[in-house]
Amino acid sequence: MNWFGFGRKKSKSEAPAPEEAAPEQPAAPAEEAPAPAPVEDTPEPVAGPVQGDALTPVPDPAMAPPAPEVPATPAPVQQASASAKPEGFFKRLASGLSKSSAQLSGVFTRRKLDSEALDELEELLIAADLGAATAAKVIDRLAKDRFDKDVTDTEIRQALADVITETLEPFQAPLDISGPAPQVLLFVGVNGSGKTTTLGKLAVKMTREGASVITAAGDTFRAAAVEQLEVWSKRAGAQFLSRPHGADAAGLAYDAVQEGRRTGADAVLIDTAGRLQNKAELMEELRKILRVIAKIDEAAPHHVVLVLDGTVGSNAISQAEAFMEAAKVTGIVMTKLDGTAKGGALVQVAEKFGLPIHFIGVGEGEDDLQPFIARDFARALAGLDA
Ligand SMILES: Nc1nc2c(ncn2[C@@H]2O[C@H](COP(=O)(O)OP(=O)(O)OP(=O)(O)O)[C@@H](O)[C@H]2O)c(=O)[nH]1
């Protein structure tokens with residue numbers, strides 16, 4: 001299954017190698033893409049003191065997830081591949097979501113489905129971050145079919161899985177990068193949500209499927225993020241672009257898209273900062289990146305992927321709202337579903353925003369980014385077998 005939609009590996013004639021493409025495909029025409037750097041958007045001041053401020057937590061609660069761990073480098077390659085091989089796809093998903101499914105198992109102690117049992121069940125579903133609407137649907141379904149009857153644990157889990165599947169199926173969508181090359185993907189989200197890791201994992205998946213990929217370390221304020229992306233890019237065999245610490249991220253994004261055109265790359269993946277001095281500044285930086293990229297290709301970025309931290313539960317909604325306004329988000333990846341009992345929040349996010357869900361993260365390794373399949377997610381969340 002190809003989850004990127006860019007089809008088979010391109011032949012040389014379809015996707016010229018960098019050396020072949022360069023002379024024929026210079027930078028875009030001057031009126032479309034002013035060279036050498038974006039002109040209207042002057043680089044932001046990046047004086048030394050900014051560094052300290054840039055790392056200061058944002059006061060807005062919607063923008064600040066609870067103290068994420070952000071190591072300087074991604075998980076070692078050996079760890080990633082060792083954890084990837086032995087288990088099947090569903091087993092890995094189920095083990096990733098085990099904390100969330102365990103959270104729901106407190107539900108299934110009663111045998112007779114009377115009003116009290118239904119109320120208790122509803123409360124537990126809401127506490128598991130599934131949201132009131134989904135909880136009510138599960139309760140309605142059970143009440144309709146099984147009220148005052150004995151129910152088994154499996155029957156309740158099945159009803160839950162069915163409702164979640166029906167709710168999420170419309171949002172199951174591969175990341176389609178089959179459009180004109182280079183497809184430009186911008187990764188946005190609060191700091192620590194997993195943007196850099198997700199971008200790295202995607203770069204690995206894409207290059208494995210035969211795509212030529214450029215990565216751009218647009219989080220120029222966090223040195224570790226740049227190093228982290230460089231490691232992932234080497235692992236993926238992707239071309240990596242960065243700029244000195246504190247440099248203008250929009251300028252880097254511009255260069256990356258130009259480079260993608262010049263080399264005939266399939267995809268340009270641009271990381272962004274999750275935290276600047278404040279939320280307004282972060283959003284302005286994102287808008288600036290969008291403006292600058294559009295000077296080269298008005299259809300770019302083709303995808304704005306919002307990376308949400310699954311461990312924050314329903315707070316993911318307020319995080320998403322902030323980015324929705326500034327960045328015209330086109331799809332969602334929810335990460336860290338392995339480390340949380342709040343995986344049910346994905347259902348709320350989907351219902352609220354109605355955006356495609358491309359992938360979910362169930363670990364730090366390169367194979368821990370799984371295509372989002374509603375039925376599998378629902379069954380794993382409900383603690384059922386594949
Ligand atoms: N357990 C687990 N950890 C993850 C997952 N995705 C990312 N992480 C970890 O979460 C931490 C933060 O990830 P990053 O990719 O650095 O987050 P970021 O959004 O780029 O952060 P900033 O650069 O500060 O904006 C790292 O330790 C990642 O390894 C996941 O699906 N599961």
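In each ligand, atom 1 is the first atom listed, and ligand 1 is the first ligand listed. On a predicted model such as this, the values are computed, not experimentally measured, just so you know.
- The salt bridge (Lys or Arg N to Asp or Glu O under 4.0 Å) check on Glu351 picks up Lys137, with sequence neighbours excluded.
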> Going through the checks in order, is the side-chain contact (heavy atoms from CB on, under 4.5 Å) test met by Val304 and Phe323?
Replying inline: CA-CA 10 Å; Val304 179; Phe323 286 93; over 6 Å; no
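- In this structure, Gly192 is part of the shell of residues with a heavy atom less than 4.0 angstrom from ligand 1.
- If you number the atoms of ligand 1 from 1 as listed, the ones under 4.0 Å from a heavy atom of Gly274 come out as 25 (O).
- Atom numbering of ligand 1 starts at 1 in the shown order; those under 4.0 Å from a heavy atom of Gly361 are 31 (O).
- Only the side chain of Asp338 comes within 4.0 Å of ligand 1, counting heavy atoms alone; its backbone N, CA, C and O stay farther away.
- A donor-acceptor pair shorter than 3.5 Å cannot be found between the side chains of Asp309 and Thr335.
- Both the backbone and the side chain of Thr196 come within 4.0 Å of ligand 1, counting heavy atoms alone.
- Below 4.0 Å from some heavy atom of Ser193 lie the following atoms of ligand 1, by number and element: 17 (O), 19 (O).
- For ligand 1, the atoms lying closer than 4.0 Å to a non-hydrogen atom of Val362 are 31 (O).
- Partners of Phe187 under the ring-ring contact (aromatic ring centres under 6.0 Å, His included) rule, at least two apart in sequence or in another chain, do not exist in this structure.
- Taking both residues in full, the closest heavy atoms of Ala135 and Ile126 are given as CB-CG1, 3.7 Å, listed atom of the first, atom of the second, then distance.
- The distance criterion of under 3.5 Å between nitrogen or oxygen atoms is met by Gln228 with respect to ligand 1.
- Under 4.0 angstrom from ligand 1, the non-hydrogen atoms of Lys201 all belong to its side chain.
- Judged by distance alone, the side chain of Lys195 and the main-chain N or O of Val190 form a donor-acceptor pair under 3.5 Å.
- Residue Asp271 has no N or O atom closer than 3.5 Å to an N or O atom of ligand 1.
- For Lys195, heavy-atom contacts with ligand 1 shorter than 4.0 Å involve the backbone as well as the side chain.
- The salt bridge (charged side-chain N to carboxylate O under 4.0 Å, His left out) test with Glu366 is passed by exactly one of Lys201, Arg208, Lys205: Arg208.
- Of the N or O atoms in Glu364, one or more lie within a sub-3.5 Å distance of an N or O in ligand 1.
- Every atom of ligand 1 with a heavy atom of Thr197 under 4.0 Å away is listed here by number and element: 7 (C), 13 (O), 14 (P), 15 (O), 28 (C), 29 (O).
- For ligand 1, the polar-atom distance check finds no N/O of Leu337 at less than 3.5 Å from any of the ligand's N/O atoms.
- The closest donor-acceptor contact from the side chain of Asp129 to the backbone of Ser314 lies under 3.5 Å.
- Looking at ligand 1, you won't find any N or O of Ala225 less than 3.5 Å from one of its N or O atoms.
- Side chains of Leu130 and Ile164 form a contact here, defined as non-hydrogen atoms less than 4.5 Å apart.
- The closest approach between a heavy atom of Val307 and any atom of ligand 1 is not below 4.0 Å.
- A donor-acceptor pair under 3.5 Å links the side-chain atoms of Asp266 to the main chain of Ser212, judged by distance alone.
- Closest heavy-atom approach to atom 6 (N) of ligand 1 among the candidates Thr335, Asp219, Leu369, Ile360: Thr335.
- Within ligand 1, the atoms closer than 4.0 Å to a non-hydrogen atom of Val190 are 19 (O), numbered from 1 in the order shown.
- Under 4.0 angstrom from ligand 1, there are no non-hydrogen atoms of Thr198.
- Between Thr215 and Ser233, the side chains place a donor N or O and an acceptor N or O closer than 3.5 Å (distance only, hydrogens not considered).
- When His245, Gln228, Glu227 are each tested for a side-chain hydrogen bond (donor to acceptor under 3.5 Å, both in side chains) with Arg222, only one passes: Gln228.
- Per-residue contacts place Arg222 under 4.0 angstrom from the following atoms of ligand 1 (heavy atoms of the residue considered): 16 (O), 21 (O), 22 (P), 23 (O), 24 (O).
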